[in-house]
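Below: one structure, written as structure tokens.
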There are 2 protein chains.
Amino acid sequence: MLGQDADDFCRPGLSAAPLGEDRAGELARVFKALGDPVRLRLLSLIASRQGGEVCVCELTPAFEVSQPTISHHLKLLRQAGLIDGERRGTWVYYRVLPEALEGLAAVLRPRAAEAEA
Amino acid sequence: MLGQDADDFCRPGLSAAPLGEDRAGELARVFKALGDPVRLRLLSLIASRQGGEVCVCELTPAFEVSQPTISHHLKLLRQAGLIDGERRGTWVYYRVLPEALEGLAAVLRPRAAEAEA
DNA sequence: GCTCTATATTGACGACTTTCGATTCAACCC
DNA sequence: GGGTTGAATCGAAAGTCGTCAATATAGAGC
């Protein structure tokens, strides 16, 4: 949803011009997905993993919440366009979509920092 | 709360290593503040303003929600460390804290992009 | 086919959010 | 002082979110 085509890289950040309502709505959905400690840790676990993929079977026991809750959070991260999952046999593997992270970082970067890029 | 001292600039991003619970909690609070369309547009209006400051009296009529609601959202943005406000006479002026935005952008930047910096 | 394991979905509950109208607080001006 | 205007706070209603236990689905292997 975000960072999946080249357009997202060309959009100006927050500080370039006031966000329109539609764009604000899109971005809010993604930031909302980041606004939970469990989801942030899930994303970080996946993003920091050498090889780029993590099995859900490794994620679930890393938290003190139930398996359905982890599944729910993974779904929200996926719907926000931050991660993607693939089933291989019995297991499901998730990976981050780095373009999405990069795109969000670009949105946040303040005006001064925009010139350097 | 974020980006207010030098430490925040040196912290590794999401993708460098799994986030600890405490850090994830801190960051989630900030991202949650960004997870609302009205707040994103408020932040963008303030950030994109030449001169760096915007009077609340200019913010309130730019939205279709009530004045108390705008005030509430500004409070949340301030508590997240994203903006700061100052009263001058009858009016209150808000400005963004660019270090906070820069810090958040750095947190998001994926591993590949981290090397370039 | 049946069974077992891994993941997803459902339904429910409490907690938190967003919003509002009413009120209060702060500062200016007469 | 009293009146006016800008902004914050309060209290409540409606909606959303995070979580769980229970259940369903997908695939592997016998």
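These numbers come from a predicted model, not from an experiment. Letters go in sequence order (proteins before strands), and every chain restarts at 1. All heavy atoms count here, side chains included; hydrogens, waters and symmetry mates do not.
- Heavy-atom minimum distance, Leu77(A) versus Leu43(A): CD1-N, 4.2 Å.
- Summary of the strand contacts: Ser71(B) and Gly35(A) both lie near DNA chain D, and taking for each the nucleotide with the nearest heavy atom, the more 5' one is attributed to Ser71(B).
- Nearest-nucleotide mapping onto DNA chain D: of Asp36(A) and Gly89(A), the residue sitting toward the 5' end is Asp36(A).
- Of the residues near DNA chain C, His72(B) and Gln67(B), the one whose nearest nucleotide (by heavy atom distance) lies more toward the 5' end is His72(B).
- Within the nucleic acid shown, Leu76(B) comes within 4.0 Å of sugar-phosphate atoms alone, with no base atom in reach, counting heavy atoms only.
- Looking at the side chain of Val65(B), the nearest of the listed nucleotides dA7(D), dC20(C), dT18(C) is dC20(C).
- Residue His73(B) places its side chain closer to dT18(C) than to any other of dA21(D), dA26(D), dT18(C).
- With dT5(C), dT7(C), dT18(C) as the candidates, the nucleotide lying closest to the side chain of Val92(A) is dT7(C).
- No contact: Arg78(B) has no heavy atom under 4.0 Å from any strand.
- In this structure, the nucleotide among dT17(C), dA8(D), dG6(D) sitting nearest to the side chain of Cys57(B) is dG6(D).
- Within 6.0 Å of the CD atom in Glu64(B), the count of heavy atoms belonging to other residues, nucleotides or ligands does not exceed 12.
- At the heavy-atom level, Phe63(B) lies nowhere under 4.0 Å from the strands shown.
- In this structure, Arg78(A) is not positioned above the aromatic face of Tyr94(A) in the sense of NZ or CZ being under 6.0 Å from the six-membered ring centre and within 45° of the axis.
- Residue Ser66(A) places at least one side-chain N or O closer than 4.0 Å to OP1 or OP2 of dC20(D).
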